[in-house]
Amino acid sequence: MVNHDTLLICSHFRENRQELRRVFSDTFNLLESGDIRQLILLLNQNLSCIAAVLLDISGWDSRDVQWLRRPEHTGLLQKVPVIVLSETDSPEILNRAFGLGAADVIPFGYDPYAMLHRVQNIIDLHLHKQHLETLVDEQKRLLRHTSDTLVDALSSIIEYRSVESGQHI
């Protein structure tokens, strides 16, 4: 099983990345990005080990949002939980973040201990959801196989009992 032990931090501001590094470096491996293009590149290269993306949207412009909304990027960002960090948790920011598919929004200045546990809970929920989706897929495959086997068995029985009508079934 792949170990999801890395956080990908994306912020335009070095000070914000340093603060997040201070909060999370004892618990997670960290990758850092200063812009959206680098975020996408790092996510593509390290998807198997990334537990979550911490995305600071402070200082963003419309080009950043449009870059994230590209179809090839939205699919990639749905594979890991994205936690948006912002200066405020105003309704406008919340709507913008959840519109991008964020799992949660955490304002800067949030207690570091609480932030660490909140991020860990989001990661745990995401991993649990992935596990459940895998179980559902396995059950669907098993059910499909069982159904096919049953149809084959019933067809063989009907064919065996009536040679004349069995060929038409």
Side-chain angles (χ1 to χ4, degrees), residues 1-140:
M1 173 140 186
V2 177
N3 192 14
H4 297 278
D5 60 355
T6 303
L7 291 181
L8 176 51
I9 297 170
C10 180
S11 176
H12 290 301
F13 304 108
R14 179 175 299 155
E15 302 80 28
N16 290 353
R17 291 193 308 266
Q18 288 172 341
E19 177 64 21
L20 292 169
R21 191 180 321 120
R22 186 185 63 72
V23 172
F24 294 104
S25 63
D26 290 340
T27 309
F28 294 97
N29 296 323
L30 300 175
L31 291 173
E32 294 183 28
S33 165
D35 61 49
I36 298 303
R37 287 178 175 84
Q38 187 180 18
L39 165 82
I40 298 298
L41 179 69
L42 287 171
L43 192 55
N44 270 318
Q45 292 173 345
N46 302 286
L47 187 61
S48 64
C49 66
I50 292 179
V53 173
L54 300 179
L55 188 60
D56 175 11
I57 62 171
S58 305
W60 274 31
D61 59 26
S62 61
R63 289 177 304 198
D64 293 324
V65 174
Q66 293 307 318
W67 184 258
L68 276 183
R69 288 196 173 157
R70 291 175 127 178
E72 64 269 22
H73 301 152
T74 55
L76 185 62
L77 288 170
Q78 290 173 351
K79 294 180 181 179
V80 296
V82 176
I83 301 160
V84 170
L85 304 167
S86 176
E87 295 295 328
T88 67
D89 58 352
S90 69
E92 177 188 337
I93 295 293
L94 292 174
N95 290 335
R96 188 170 163 192
F98 290 128
L100 290 172
D104 198 3
V105 178
I106 302 174
F108 274 108
Y110 201 72
D111 177 65
Y113 181 76
M115 182 186 288
L116 175 65
H117 285 283
R118 196 162 162 180
V119 168
Q120 186 62 56
N121 286 341
I122 291 167
I123 292 168
D124 290 345
L125 285 171
H126 182 75
L127 292 175
H128 185 66
K129 176 185 170 200
Q130 284 183 325
H131 176 69
L132 290 175
E133 288 173 353
T134 302
L135 288 176
V136 166
D137 288 342
E138 288 173 8
Q139 291 296 317
K140 285 184 347 188

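Please read these numbers as outputs of a predicted model, since none were measured by experiment.
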Which atom pairs, donor and acceptor, lie under 3.5 Å between side-chain atoms of residues 130-140 and protein residues at least two apart or in another chain?
| residue | atom | partner | partner atom | Å |
| --- | --- | --- | --- | --- |
| Gln130 | NE2 | His126 | NE2 | 3.4 |
| Thr134 | OG1 | Gln130 | O | 3.0 |

Would you mind writing out the side-chain donor-acceptor pairs for residues 22-31 within the sub-3.5 Å range, not counting sequence neighbours?
| residue | atom | partner | partner atom | Å |
| --- | --- | --- | --- | --- |
| Arg22 | NE | Glu19 | OE1 | 3.4 |
| Arg22 | NH2 | Glu19 | OE2 | 2.5 |
| Ser25 | OG | Arg21 | O | 3.0 |
| Asn29 | ND2 | Asp5 | OD2 | 3.1 |

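To the nearest 0.5 Å, the span separating CD1 on Ile9 from CD1 on Ile83 amounts to 10.5 Å. Rounded to the nearest 0.5 angstrom, Ser86 OG and Tyr110 OH are separated by 14.0 Å. Expressed to the nearest 0.5 Å, how far CD of Glu87 lies from CZ of Phe13 amounts to 7.5 Å. For the atom pair CG (Leu8) and CD (Gln45), the distance works out to 10.5 Å, reported to the nearest 0.5 Å. With values rounded to the nearest 0.5 angstrom, Leu42 atom CG is found 12.0 Å from Leu47 atom CG. Rounding to the nearest 0.5 Å gives a distance of 7.0 Å between OG of Ser11 and CG of Leu20.
Put simply, the side chain of Val84 does not reach to within 4.5 Å of the side chain of Leu54, judged on heavy atoms.
For the pairing with Glu32, the side chain to side chain contact (heavy atoms under 4.5 Å, CB included) check across Arg17, Gln38, Gln18 returns one residue only, Arg17.
Proximity of a side-chain donor or acceptor of Asp111 to a complementary backbone N or O of Ala114 within less than 3.5 Å is detected. Without hydrogens or angle criteria, Ser33 side chain to Leu39 main chain gives a donor-acceptor distance under 3.5 Å.
Legend: residues meeting side chain to side chain contact (heavy atoms under 4.5 Å, CB included) with Phe98, ordered by chain and number and at least two apart, are Leu94, Ala102, Val105. With sequence neighbours excluded, the residues forming a side chain to side chain donor-acceptor pair (under 3.5 Å) with Gln120 are Asp124, listed by chain and number. Every residue two or more places apart in sequence or in another chain was checked for a side chain to side chain donor-acceptor pair (under 3.5 Å) with Asp35, and none qualifies. Contacts of Asp56 classified as salt bridge (Lys or Arg N to Asp or Glu O under 4.0 Å), with partners at least two apart in sequence or in another chain: none.
Nearest approach of Ile50 to Val80, heavy atoms of both residues: O-CG1, 3.7 Å.
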